Amino acid sequence: MLRKKVPRLLQVFKRTSHCDRQQYDVIVVGGGHAGTEAAAAAARVGARTLLVTQKIQTIGALSCNPSLGGIGKGHLVKEVDALDGVCGRAGDWAGIHFSILNRRKGPAVWGPRAQLDRQLYREFIQSDLLSTPRLTVWEGSVEELMVEEPNPEKPGRHQVTGIRLGTPISARSVVLTTGTFLSGSLFVGQTSSPGGRIGDAPSSAGLSHTIRERLGLRTGRLRTGTPPRVVKNSVDVSLAKLHPADLNPTPFSFINTQTRCKPEEQLPCYLTFTTPAVERVVRENLHLNCHIQQDTKGPRYCPSIESRVLRFPGRQHQVWLEPEGLTSDLLYPQGLSTTMPPDVQLRLLREIPALHKAEIHTPGYGVQYDFVCPTQLSPALQVKSTQGLFLAGQINGTTGYEEAAAQGLVAGLNAARSALAMPTVMLSRTESYIGVLIDDLVSRGVTEPYRMFTSRAEFRASLRPDNADLRLTLKGFEELGCVSSERYKEAVRVRDTLQDAMAALQSLSALPHIWKQKLPNIEISENKSGELTCMNLLLYNDVTIEMLASVFPESLSPYMEFSQRLKIEAVYRPHCDLQKREMARIQREETMLLPEDLDYFSLPVSLSQEVREILDRVRPTTLGAATRLEGMTPAATVNLLNYVRFSNRKNKIHNMCLRT
């Protein structure tokens, strides 16, 4: 059931000059998608949590595109929701245009997506945080991290014990989710100014100094950008192609059966294209754009129009005109991210037929910011060299709300578990896209902003959007401690019902000629030998659960609630069975831990100097992570495996001798 949230929430936040307490279990710095999920997850685990943000009214703000989900990204939203996260429910509340991308392909790679109302989304996030027990929100700018000598009983060269905002506030764990604000600079044309988002200052210089100088973390520089916001009434949408929303909106959240926006109330999007004149304007004015001239890496999969023109000359480029809200008078021209001077941006827009009279409300701009090389993190998103410090979001070199939310949830729950003296946990790439995301980051690092795609996952047939609850909700309650009992009970009900339904489908069968009589419109060969079960029939594209229920109403009609899920489960079951052996191999490798203090340069095994340098620099926590490092050869993997097995046997014998 979709729950109504309280509107107009800003007045309930209190801007205080002092904090209610000076000691917390977890402090989260930053109120974006990573920060809100981290704070909520830490509080759900049971930690007394403080969320610190520069501006309370921007908590949950959609800094760039007002949308959620997409191909690969939609998987992350479903998984965050399965672990009781916030963004999926917020998307269901604020969505104004729902669609499933990639429908022409199989359900495993469908991309749930929604265009959002900026104000409704922000209000939902703020309301949800305010109603979260054990969570305090405070407006302020973190001056620096409090760093002390490490606990000698734990690995690490430093220990973070809190933050300083004029006065020190202590915590057992700190989560940094600074987004684009860490040493952020804004660019428009040839001008630049400090900031992480238009109208907002960058993070404190002291915070950047602590990360680089005091903690000695390796950092890099990345860039991103956003398009100008266009006045809706100045756009001639009749010259663009209409793209309506899906007739039946699909919620992100497993606990919602419907979205807030009714099907008939959804707003359309429009598709148009650039023209040769757009390319001419870009090329004639490149000298006025210092952002594009620099070497800082930008997002390959969401490039600026300047980058598109330079990389793909002579082509038309898509421009999506997307609504920013039910009552907003603005459109978001996705595909026209630019840092040209404002007057050039206007000329560029007006070279597109649908935008020939366009008026700009806010010009586009670019952002450059620092990130921390993520190979310095453990799979729990804790800095390996620093006790009590966790990182999530764009500070780890990713791009996108969904990637940030996924990292925030993992960092928040692990920060809480660490603070409460519980072991940290990780999600495997065999069980979730979140696991794929984090494993890619900590094992391989980034050279450009990282974006999630379904192609990054080896086990796509098993890691589908429709089954994220079965994969993660039960684990989230039983092992991680971040899922409510209410959601857990619903997931158990769904699991048990699906199992009963699959058993029923497997038990019901008939000879081919009988099926031919019952389902005359389905092409079933009568030459097949033996009986065909309902599970066999579901492998036919045109066969639905409803059809089978008409043949066996008494046995199958109780399961119509899950008709689509049952169809998908039946289609993918053979593929999932084939993948289980490979998944088991990776899971075994991930249980083989590599000692954190292992001296790879003196390791008595046959490894090249290059491989030793790679292992020493990244310091993978498991053999599985080591096998995925760039530069690791099959021979090096085998030699390392043999060493780990030998060491484990040696330690086991030693422990047995001690006991006797």
Side-chain angles (χ1 to χ4, degrees), residues 23-30 32 34-35 37-39 41-42 45 47-53 141-165 168-179 181-183 203-220 370-398 404 407-426 438 441-442 445 596 618-619 621:
Q23 171 71 50
Y24 287 86
D25 297 318
V26 175
I27 295 175
V28 178
V29 180
E37 294 291 354
V45 172
R48 294 171 303 173
T49 305
L50 174 67
L51 171 62
V52 181
T53 181
S141 181
V142 176
E143 297 175 3
E144 62 179 348
L145 299 176
M146 295 164 55
V147 182
E148 296 182 0
E149 291 299 312
N151 180 342
E153 297 180 358
K154 297 180 180 180
R157 299 191 301 271
H158 312 278
Q159 181 179 15
V160 168
T161 58
I163 60 173
R164 191 176 299 278
L165 301 96
I169 303 177
S170 299
R172 295 183 177 91
S173 298
V174 174
V175 184
L176 289 184
T177 66
T178 52
F181 287 79
L182 193 63
S183 299
S203 60
S204 166
L207 190 57
S208 300
H209 176 82
T210 304
I211 290 173
R212 284 194 295 264
E213 306 301 329
R214 186 77 187 276
L215 301 180
L217 297 180
R218 300 191 309 276
T219 62
D370 283 352
F371 76 101
V372 174
C373 300
T375 54
Q376 299 167 104
L377 307 178
S378 73
L381 295 182
Q382 181 173 10
V383 177
K384 296 175 184 176
S385 64
T386 306
Q387 300 166 8
L389 181 61
F390 298 77
L391 308 181
Q394 285 178 287
I395 193 173
N396 291 338
T398 60
Q407 294 172 73
L409 188 146
V410 172
L413 75 88
N414 276 313
R417 291 179 66 87
S418 177
L420 300 175
M422 294 187 287
T424 58
V425 292
M426 62 172 282
I438 293 175
L441 291 176
V442 303
E596 296 186 17
V618 178
R619 307 206 68 79
T621 56

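When reading the values below, keep in mind they use all heavy atoms of this one structure, side chains included, and skip hydrogens, waters and symmetry mates. From a predicted model like this one, the values you see are computed outputs, not experimental measurements.
Shown here are the salt bridge (Lys or Arg N to Asp or Glu O under 4.0 Å) partners of E144, two or more places apart in sequence or in another chain: R164. A search for side-chain hydrogen bond (donor to acceptor under 3.5 Å, both in side chains) contacts involving R417 returns nothing, not counting sequence neighbours. In this structure, the side chain to side chain contact (heavy atoms under 4.5 Å, CB included) partners of A41, at least two apart in sequence or on a different chain, are R44, L409, L413. Residues meeting the side-chain hydrogen bond (donor to acceptor under 3.5 Å, both in side chains) test with Q407, sequence neighbours left out: N396, T398. Residues forming a side chain to side chain contact (heavy atoms under 4.5 Å, CB included) with A34 (at least two apart in sequence, or on another chain): T177, A392, A404. Remark: A39 engages V28, T49, L51, L135 in a side chain to side chain contact (heavy atoms under 4.5 Å, CB included) (not counting sequence neighbours).
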*Could you go step by step and tell me if L176 and I211 meet the side chain to side chain contact (heavy atoms under 4.5 Å, CB included) rule?*
CA-CA 10 Å; L176 289 184; I211 290 173; 3.8 Å; yes
*Yes or no on side chain to side chain contact (heavy atoms under 4.5 Å, CB included) for R48 and R172, after CA distance, side-chain angles and deciding distance?*
CA-CA 10 Å; R48 294 171 303 173; R172 295 183 177 91; 4.0 Å; yes
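The shortest distance between side-chain heavy atoms of V26 and L50 does not fall below 4.5 Å. Side chains of L377 and L441 form no contact here, defined as non-hydrogen atoms less than 4.5 Å apart.
Sorted by first and then second residue, the side chain to side chain donor-acceptor pair (under 3.5 Å) pairs with a member in residues 370-385 read S183-D370, R212-D370, R218-T375, R221-D370; sequence neighbours excluded.
S418 places no side-chain N or O within donor-acceptor distance of the main-chain N or O of N414, the cut-off being under 3.5 Å.
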Give every donor-acceptor pair under 3.5 Å between a side-chain atom in residues 150-163 and any protein atom, sequence neighbours left out.
unit_1, atom_1, unit_2, atom_2, d
N151, OD1, E153, N, 2.9

